[in-house]
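Let me begin by presenting the structure, written as structure tokens, before commenting on it.
All chains are named by letter (A, B, ...) in the order of the sequence lines, taking the proteins before the strands, and each is independently numbered beginning at 1. These values consider heavy atoms only, across backbone and side chains, with no hydrogens, waters or symmetry-generated copies.
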There are 2 protein chains.
Amino acid sequence: MKINIDGKTSDFKAVWYEEPVIKMIDQRILPESFKIVDIRNTKELYDAIKDMTVRGAPSIGAAAAYGVAQARALGKDIEEAGKLIKSARPTAYDLFFAVDFVLQHKEEASRYAEKYVDSIVERSRLIGVNGNELIGNSKKILTHCNAGALASVDYGTALSPIRKAKESGKNPFVWVDETRPRLQGARLTAWELVQEGIEHKVIADNAAGFLMYRGQVDLAIVGADRITKNGDFANKIGTYEKAVLAKENGVSFYVAAPLSTFDFSIENGRDIPIEVRSEEEVKDIKGMAISPRESHAYNPAFDVTPNRYVTAYITEYGVYKSSELQKLKGKGKESIIEQIGNI
Amino acid sequence: MKINIDGKTSDFKAVWYEEPVIKMIDQRILPESFKIVDIRNTKELYDAIKDMTVRGAPSIGAAAAYGVAQARALGKDIEEAGKLIKSARPTAYDLFFAVDFVLQHKEEASRYAEKYVDSIVERSRLIGVNGNELIGNSKKILTHCNAGALASVDYGTALSPIRKAKESGKNPFVWVDETRPRLQGARLTAWELVQEGIEHKVIADNAAGFLMYRGQVDLAIVGADRITKNGDFANKIGTYEKAVLAKENGVSFYVAAPLSTFDFSIENGRDIPIEVRSEEEVKDIKGMAISPRESHAYNPAFDVTPNRYVTAYITEYGVYKSSELQKLKGKGKESIIEQIGNI
């Protein structure tokens with residue numbers, strides 16, 4: 001992704017590897033500060049995933065793939081490392097997918113970690129190419145959370161079609177849900193759109209429904225943290241709300257994700273583990289209390305949206321309805337290795 | 001309302017009058033600070049309504065009623081004062097209702113302003129009595145924004161039935177939507193519930209839908225800023241989202257409001273003016289930027305919910321379905337004076 005720092009444009013990925021150091025953009029402090037964090041061992045990686053220094057399902061997967069390679073480079077027990085890395089967060093499927101993939105190639109862990117991440121970048125790019133076909137000229141697009149380049153190493157999942165639409169001269173406009181509690185929309189998606197010169201406005205999450213009701217949203221595109229066999233999917237809390245409102249108002253609702261986010265071992269969304277994060281993420285903003293100290297909060301980080309609210313899934317292989325997702329399973333042929341190779 | 005200050009419980013109203021000074025709880029700085037603001041003239045009142053020192057449709061109405069009385073006490077042109085006060089905010093109907101009522105009794109403005117505010121308090125209390133009949137034991141109730149005592153001088157509209165339920169030993173639990181951008185839920189509703197010892201948890205607005213989907217919400221009660229003839233109503237941005245989600249999930253959705261919020265001159269919600277407030281309310285939280293400075297925001301302060309999403313309206317006269325609202329019009333008999341007297 002292009003990033004403008006002090007008037008100079010540079011090219012960055014959200015995560016990369018300079019053996020034995022994993023490098024990542026610190027996603028906790030954007031847009032105020034742009035900083036690269038060095039991850040020197042598995043414990044640091046575990047913390048960086050857990051505290052969301054790196055976030056977004058495909059980027060978490062990339063960091064995890066490098067984590068296994070790093071453990072090997074440092075002469076550590078890589079099975080143990082993989083186990084710790086997998087325990088950092090429960091919902092995003094890419095985390096498990098990536099660790100298992102590199103563990104299957106432990107003898108050449110670094111090479112396969114790079115192969116995995118290269119594949120994620122190429123898959124993200126292809127999601128853009130495929131999704132762009134759904135976007136007409138001058139469309140108003142709603143997105144939730146950040147499913148951009150920061151979330152998927154480069155290009156993005158939900159933002160990749162929008163980047164491609166801009167690149168092909170279509171002039172898209174983006175309504176950016178601020179995405180409480182962690183404000184990934186207001187902080188990260190808005191920041192990416194500024195870098196790309198894509199027109200946008202930030203809105204309170206509460207406003208998305210009313211904009212749809214008034215006909216000010218042409219389509220919605222979101223990312224996903226895990227998609228089950230029937231097309232139910234977990235994504236950032238609030239996604240379910242926007243999906244229901246899109247259906248109620250006749251707005252097309254797309255989910256953009258690479259094959260690494262599809263968990264064909266789970267039949268439907270009821271079985272996806274939903275991470276509950278700390279009360280403080282709701283009760284405080286940037287360390288300042290917004291609620292009475294006596295009050296408690298409840299903070300589910302994700303929700304599950306049933307397949308009936310999804311118009312289609314934008315993948316690197318094409319655009320599918322939920323009834324067609326079985327075809328996608330074929331692309332992976334049950335084998336993680338083949339899935340990585342097969343684009 | 002009972003307020004615990006430094007371990008001592010006192011009784012307060014959100015707004016009161018010590019001629020010629022209007023007194024109000026500063027709702028911008030709760031829950032960190034509890035402060036009473038003195039309003040000494042019409043310009044100060046205009047600012048206090050506009051900047052939301054006083055907020056909530058019935059409390060705005062009360063402040064406006066006192067404002068006309070104050071202008072008279074100060075020997076000012078009260079028609080001019082009424083006009084300025086009415087221009088402070090466009091959506092809440094109580095503002096216009098209250099000013100017109102006191103202007104109709106300009107010779108005894110102070111007495112009629114008090115009569116108006118006493119009536120609002122009694123109406124709020126009765127909303128609690130009537131709404132309590134809808135609340136079973138140990139119910140989980142979702143509310144949005146603050147429709148509590150702060151918003152309606154005392155008791156509240158949406159919170160009045162919950163207070164009454166607690167008082168009658170029913171042990172209600174409240175899910176408090178934090179209500180971005182101004183966080184009236186996290187700041188004000190949570191604070192009121194702490195004062196009353198009512199069990200509650202604050203949630204990101206994004207989480208309300210998922211809680212309904214998982215069966216963790218038994219009913220929803222919200223306030224209103226203006227209700228039209230057919231039952232469509234304006235309320236804090238996000239209300240429409242929660243109403244759609246309640247219907248989708250079979251959760252009863254109630255609107256609690258006194259007759260002063262009903263605008264029978266408007267057929268339906270399309271004609272309610274919707275205030276758009278400053279971008280900064282979205283882009284900043286407590287003066288700290290959360291979005292890139294290059295990004296813009298869009299900040300509609302209210303939305304309109306069509307009557308089809310409302311289970312019933314809880315009023316001081318009883319509980320009505322939208323098809324029955326004409327009966328309520330009869331209670332007011334077209335005349336503001338009779339409306340005030342008629343409870």
Between A/Asp205 and chain B, which part of the residue has a heavy atom less than 4.5 Å away: side chain, backbone, both or neither?
-> both
Who wins among B/Glu248, B/Lys283, B/Glu294 for the most heavy-atom pairs under 4.5 Å with chain A?
-> B/Glu248
Which atoms of A/Glu281 approach chain B - backbone, side chain, both or neither, heavy atom under 4.5 Å | neither
Check A/His144 against B/Asn206 and note the closest heavy-atom contact, atom names and distance.
-> CE1-OD1, 3.5 Å
Identify which one of A/Lys201, A/Arg187, A/His200 satisfies the side-chain hydrogen bond (donor to acceptor under 3.5 Å, both in side chains) criterion when paired with B/Ser295.
-> A/His200
Just give me the residue among B/Phe302, B/Tyr309, B/Trp191 that pairs up with chain A most often, heavy atom to heavy atom, under 4.5 Å.
-> B/Tyr309
Greatest number of non-hydrogen atom pairs under 4.5 angstrom with chain A, of B/Pro292, B/Pro306, B/Gly209, falls to B/Pro292
Go through the atoms of B/Arg214 and report whether side chain, backbone, both or neither lie under 4.5 Å from a heavy atom of chain A.
-> side chain
The interface call for B/Leu30 against chain A, heavy-atom contacts under 4.5 Å, is neither
Could you tell me whether B/Lys242 and A/Glu241 have a side-chain N and a carboxylate O separated by less than 4.0 Å?
-> yes
How about A/Val202 and B/His296: do any of their side-chain heavy atoms sit closer than 4.5 Å?
-> no
Working to the nearest 0.5 Å, report the span between CZ of B/Phe210 and OG1 of A/Thr305.
-> 8.5 Å
Minimum heavy-atom distance A/Ile203-B/Tyr298, with the two atoms named | CG2-O, 3.7 Å
Heavy-atom distance under 4.5 Å to chain A: side chain of B/Ile285, backbone, both or neither?
-> both
Check: A/Lys286 side chain, B/Ala289 main-chain N or O, donor-acceptor pair, under 3.5 Å = yes
Toward chain A, the part of B/Val194 with a non-hydrogen atom under 4.5 Å = side chain
Work out which heavy atom in B/Ala207 is nearest to a heavy atom in A/Pro300; give both atom names and the distance.
-> CB-CG, 4.2 Å
By a 4.5 Å heavy-atom criterion (distance strictly below it), what part of A/Val176 contacts chain B: side chain, backbone, both, or neither?
-> neither
From CD (A/Glu32) to CD1 (B/Ile290), nearest 0.5 Å | 9.5 Å
What part of B/Pro181 lies closer than 4.5 angstrom to a heavy atom of chain A: side chain, backbone, both or neither?
-> both
Examine whether an atom of B/Glu199 lies under 4.5 Å from a heavy atom of chain A, and if so say whether it belongs to the side chain, the backbone or both; otherwise answer neither.
-> neither
Value for OH (B/Tyr213) from CG (A/Asp303), rounded to nearest 0.5 Å, stands at 9.5 Å
Turns out that what part of A/Leu193 lies under 4.5 Å from chain B's heavy atoms comes down to neither
